[in-house]
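A short write-up of the structure that comes next.
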Amino acid sequence: MKKRNKALIIILSIIVIGFVTGKIILNKIEKNLKQLSMITISDIDLSEISNGNYSGSYSTFPVAVEVDVMIEDHQIKEVMIIKHDNGQGKQAEDIIADVIEQQSLDVDMISGATYSSKVILLAIEDALLSIE
């Protein structure tokens with residue numbers, strides 16, 4: 001019986017530790033995503049930006065993005081995602097087509113991938129603001 005009780009205590013301890021760790025991680029994710037939802041994205045005056053390739057990034061656990069933005073004749077010609085740690089937000093990468101089409105960061109978020117969409121826009125903003 002003593003071995004059985006020790007094994008039971010060890011198993012219960014592992015379950016409790018796993019539960020507490022999971023709760024801490026979920027709380028951190030929730031806090032980060034709430035803060036992310038309050039961030040506003042500035043639209044960029046492209047007439048002020050010279051031709052070139054510009055790199056930017058933004059991350060908030062659990063989403064991280066690195067981009068390269070190509071500007072030509074004061075227009076966004078291309079946005080390449082170098083890195084996108086996205087969980088389930090892969091479809092957010094579709095927002096790039098909207099940014100290029102509208103030549104603006106003031107675009108609608110991709111439904112079902114709102115947080116990843118916002119992080120991508122913030123990475124683009126970072127790239128274009130870092131040159132001013």
To the nearest 0.5 Å, how far apart are [atom1] in [X] and [atom2] in [Y]?
X	Y	atom1	atom2	value
Lys31	Lys34	NZ	NZ	11.0 Å
Lys28	Lys23	NZ	NZ	15.5 Å
Ser104	Asp45	OG	CG	11.0 Å

For the residue pair [X] and [Y], establish whether any side-chain heavy-atom pair is separated by less than 4.5 Å.
X	Y	value
Ile49	Ile76	no
Leu46	Gln103	yes
Asp126	Ser57	yes
Lys118	Leu122	yes
Ile44	Ile124	no
Met70	Asp68	no

Considering all heavy atoms of both residues, which atom of [X] and which atom of [Y] are nearest to each other, and what is their separation?
X	Y	value
Ile81	His84	CG2-CB, 3.7 Å
Asp73	Asn51	N-OD1, 2.6 Å
Gln91	Ser111	NE2-O, 4.3 Å
Glu48	His74	N-ND1, 4.4 Å
Leu105	Val99	CD2-CG1, 4.1 Å
Ser116	Val63	OG-CG1, 3.7 Å

Practice problem: Check for a donor-acceptor pair, side chain of Thr114 on one end and backbone N or O of Met109 on the other, with a separation under 3.5 Å. | Solution: no
Grouping I, L, V, M, F, W and Y whenever their side-chain heavy atoms are under 4.5 Å apart, do [X] and [Y] come out in a common cluster?
X	Y	value
Ile110	Ile39	yes
Ile120	Met80	no
Ile100	Ile41	yes
Ile82	Ile71	no
Ile24	Val16	yes

Quiz item: Take atom CG in Asn27; do more than 12 heavy atoms of anything else shown fall under 6.0 Å from it?
Solution: yes
Practice problem: Among Val67, Val65, Ile95, find the one that has a side-chain contact (heavy atoms from CB on, under 4.5 Å) with Leu121. | Solution: Ile95
